[in-house]
Amino acid sequence: MLARDWRGGELGVLLMALVLAVGVVSGISAFATRLQNALTQESHRFLAADLVARSSRALPGEWLQRAEAQGVSQALTLVFPSMVFAGDERMQLVSVKAVSDGYPLRGELTYSEQPFGPVLPAARGPAPGQVWLESRLFPLLDVAVGERITIGEADFTVAAAARTEPDQAASFSGYGPRVLMHYDDIPATGVVQPGSRVQYRQLYAAPPQVLQNFRDWLEPQLEDGQGLLDVSEGQPGIGSALRRAERFLLLAGSLGVVLAGVAIALAARRFSERHTDYVAIMKSLGATSARVNRLYGSSLLLLGVVATALGCLLGWSIQALFFTLFAEQMPVQPGASGPGPYAVGAATSLTCLLCFAWPPLRRLGLASPLRVLRRDLPHENRRTLGDYLVGLVAISLLMWWYSADWQLTLAVLAGLAITALLGLGLALTLLRGGRLVGMSAGSIWRLALAGLQRRGSANAMQVVIFAMAIMLLLVLVLVRTSLIDAWQTQLPEGTPNHFMINIGPQDVQPVDQMLRSQDIPSEALYPMIRGRIMAVNGEQLPRTDDPEAQRRQRETNFTWSDSLPPGNRLVAGQWWPPQTDAALVSVEREFAERMGIQVGDRVGFLVGAQPLEAQVANLRELDWQSMRPNFFLIFPPRLLADYPATFMTSFYLGPDDKPFLNRFIREFPTVTVIEMDVVVEQIRSIVSQVSSAIELVLAVILAAGGLVLIAGVQASVDARMHESAILRALGARRGLVLGGLFIEFAALGLFAGLLATAGAELSVYFLQEWVMDMRYAPSPWIWPLGIGAGMALIGSLGVFSCRKVVSSPPVALLRDL
Amino acid sequence: MAGTELEILKGITLEIKSGEAVAIVGASGSGKSTLLGLLAGLDEASGGRVVIGETDLGELDEDGRALFRGRHVGFVFQSFQLLPALTALENVMLPLELQGLAKAREQAQVFLERVGLGPRMHHYPRQMSGGEQQRVAIARAFASRPSILFADEPTGNLDTHTGAHIIDLLFELNREEGTTLVLVTHDDKLAERCERRLVLEAGELISCQ
């Protein structure tokens with residue numbers, strides 16, 4: 001009997017909804033998983049490893065042996081500033097990086113055979129006795145490949161030009177152009193002595209579980225001054241971008257689950273309405289309720305199995321399609337997602353069937369056999385309050401399970417609940433009011449509004465369903481827009497990608513002039529004084545032997561300014577008036593927290609050998625990822641006027657303008673240039689990848705939302721077709737019937753759009769404030785969009801679904817229905 | 001019946017003998033279909049009793065009545081009431097399968113041959129004319145060999161010519177099977193072929209000849 005029922009095509013409607021639900025959910029889930037893998041891998045490239053231990057002193061070799069024993073691969077790096085000599089008088093301050101054989105464990109090292117030549121991937125770094133120089137060092141030192149240079153007490157052969165390292169960003173201490181050498185050559189140079197400004201790193205890489213075991217062992221071994229870096233800590237900018245992207249994908253997936261549930265509920269209801277008559281016939285022929293339930297229960301079960309299989313296939317295709325579209329932008333090949341996402345799809349299918357499809361079908365067994373004589377009997381399969389509750393609980397649990405985030409779940413549910421409640425009340429009231437207005441209007445309007453009112457509660461329900469679907473889509477559009485905006489403002493085109501420090505007071509004018517003459521966009525020149533905090537409110541700060549802590553305390557950059565620098569926000573206290581003589585200081589908020597400093601405290605400093613005391617005037621927040629000169633401590637200009645200062649700035653230099661640096665360094669040999677362009681470019685590329693991923697996911701969810709709208713319109717098509725057919729039979733013109741239908745559906749769309757927009761704003765407020773760690777800003781443009789889209793979409797979908805009514809003879813329609 | 005509820009049938013007492021053919025006639029809204037629904041156990045009476053053979057339908061619940069219908073009752077409806085998803089053969093097999101009959105297919109085939117639809121038994125209802133659909137419905141009604149057959153306006157949706165054929169078929173099978181026949185109709189010609197005519201007016205039985 002199941003197979004025969006199948007051929008009727010009625011089950012097909014439900015099957016489609018289920019397949020799409022499973023497909024969307026498992027597809028997005030698989031896509032998100034793989035994307036996450038890829039992005040994590042991508043960000044591991046920034047460390048050149050999965051995990052990094054670092055210290056300013058040599059790290060225990062025992063750690064490496066332990067890593068070896070546990071199956072964790074390792075490599076070593078050491079970064080230090082040094083002078084390089086070539087020939088007799090040419091020398092240059094460089095940033096030396098010594099790497100061991102295994103380097104890099106993740107990502108790619110590149111070189112070129114000649115300076116500025118074609119970039120080639122390198123299997124390993126320089127061999128012992130050789131060095132690679134950054135391209136622009138060749139002219140500075142006037143050397144060529146094959147010639148010799150000297151670092152400390154050792155001579156090296158220049159073997160190639162160093163181009164990029166995966167962990168360029170992480171080794172921020174890279175002042176000056178890069179020189180790469182082999183780790184084993186360090187002792188020969190004799191430059192690295194205890195107390196030198198160096199950074200030792202041990203790099204580790206392993207599959208996640210192996211790495212976790214090793215990390216669990218390693219963490220307790222850490223002493224003061226030794227630290228671990230992983231992806232999230234290695235790149236705070238990328239870490240937060242990734243976390244937000246992940247949240248967004250989970251949000252999108254959760255909304256996919258909700259939309260799927262609604263679509264299935266609608267399809268099941270239509271299915272059961274259409275089947276009430278068949279059940280009546282079967283019952284008149286002797287079928288009991290139990291028999292009917294068995295029939296539909298087993299149909300549903302088979303349907304679930306088939307739909308899950310097809311849905312998983314669809315999900316797999318969706319994510320495969322995504323990655324095909326994406327392949328060119330992906331720097332790393334993502335690994336397989338495993339069976340997890342498909343389990344999510346199957347669970348979604350099962351839950352949807354049990355909680356949304358089964359309740360109306362179960363009541364089919366209660367259908368009265370009397371319907372064979374009287375077809376106007378009411379349907380027995382109306383949903384009860386209990387059904388809605390079960391559905392709500394099921395959706396909540398699914399969302400929670402899927403997102404593993406109750407805040408996100410709550411934010412979406414709150415928006416949905418308010419939309420639904422407001423919706424039912426408002427829709428019923430407005431639809432009643434609409435009738436009064438309609439009475440005095442022309443016939444086409446009277447027809448439409450009477451139609452709306454006649455099915456008042458059914459229409460209210462429909463408005464709520466449309467509103468929920470539109471709301472979910474608006475939420476996604478809003479969150480995506482603000483997410484991408486936030487990323488783009490973080491590092492806009494032309495973000496400064498080079499820093500210049502150690503500019504002597506006498507060089508300030510000429511440097512500024514040189515930047516201007518080359519049309520190089522730069523930040524203002526900030527004075528910079530190095531000093532350290534000695535005491536807070538007269539209490540001496542504890543001195544430890546930990547070199548890291550000592551350095552933090554010893555070496556802090558001060559600046560002075562009459563005004564709050566751009567990109568800084570006051571969070572406590574007030575900015576001082578210009579030209580003040582008062583001994584005040586402005587402190588960065590996190591720094592103040594670390595030091596236990598509050599507004600009004602008196603803080604003692606040591607600048608050079610001279611003591612200085614100032615009162616904390618205010619606390620500031622600033623964006624460390626802005627690539628502008630940023631300072632923990634700012635003083636009024638007059639207070640620091642007598643202290644020795646150097647100046648710094650940051651500026652943007654496009655890839656083609658790089659040779660400018662050589663001219664600049666020749667002209668100002670004492671100025672140090674820090675090149676961050678590779679880092680900025682890497683961050684930008686990740687952000688743009690994540691952005692396109694988000695756009696793709698949005699497109700899929702939009703499609704799912706569209707399906708719900710279609711299912712919603714379909715649900716009422718039978719009744720409306722019937723009435724329209726009668727109107728046609730009575731001689732109504734085509735325009736009147738279609739116009740009436742359009743007005744009727746567009747009015748539903750108007751109400752739905754209105755509700756959806758209100759609900760979306762509310763949800764987005766909760767999501768951004770609680771979940772996304774972003775500031776909420778109202779989006780006025782969403783109102784016309786939501787309402788307009790609601791009217792246009794639902795109006796035209798409605799007319800499209802009912803178009804048959806004007807193209808077929810009324811009698812045929814009346815007989816069919 | 002109390003309060004504002006509508007009283008559709010009022011004090012009807014009648015007895016139909018086994019093997020008898022009875023027509024229930026009356027104007028629209030006179031309560032014919034309601035009476036038929038009660039007699040056939042499709043509906044529950046709010047008062048009074050319906051006894052078929054030894055069984056008091058009022059003492060059965062809906063599932064009990066469903067089993068009873070399956071075993072003892074056949075139906076022919078004005079609007080045919082075939083399941084559109086099933087072929088003619090499968091429609092006829094349906095009540096037999098519901099009773100768990102082993103030879104459902106063979107028996108259904110026999111009855112489809114008898115109504116002259118042997119060659120079309122694998123067609124779907126939408127591929128058949130109204131007359132053919134009603135013949136399928138008749139085959140389905142008789143295939144389970146019911147002791148009593150209810151027909152609700154069996155010719156109501158058919159033209160005169162086809163209607164006459166259907167009537168002939170119905171009475172022919174009825175005679176061969178020895179079934180009790182209860183017909184609701186306002187077709188006088190059809191009513192005349194029955195042994196008795198029960199005339200309903202506004203829910204009351206005004207004639208019983």
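Chain naming here is simple, since letters A, B, ... match the order of the sequence lines and numbering starts at 1 in each.
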Min side-chain heavy-atom separation C355(A)-V390(A) under 4.5 Å:
yes
Answer yes when R49(B) and E59(B) have at least one side-chain N-carboxylate O distance shorter than 4.0 Å, and no when they do not.
no
Sort out for me which of G74(B), G70(B), A66(B) touches chain A most, counting heavy-atom pairs under 4.5 Å.
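Among G74(B), G70(B), A66(B), the one with the most close pairs to chain A is A66(B).
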Need one label for R140(B): side chain, backbone, both or neither, based on atoms under 4.5 Å from any heavy atom in chain A.
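For R140(B), the side chain is the part near chain A, not the backbone.
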Q78(B), part contacting chain A, at a heavy-atom distance under 4.5 Å:
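It is neither, since no heavy atom gets under 4.5 Å.
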Does the cation-pi check pass for R65(B) over F68(B), that is, NZ or CZ under 6.0 Å from the six-membered ring centre and within 45° of its axis?
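No.
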According to side-chain contact (heavy atoms from CB on, under 4.5 Å), who are the partners of A191(B), at least two apart in sequence or on a separate chain?
A23(B), V25(B), T185(B), R197(B)
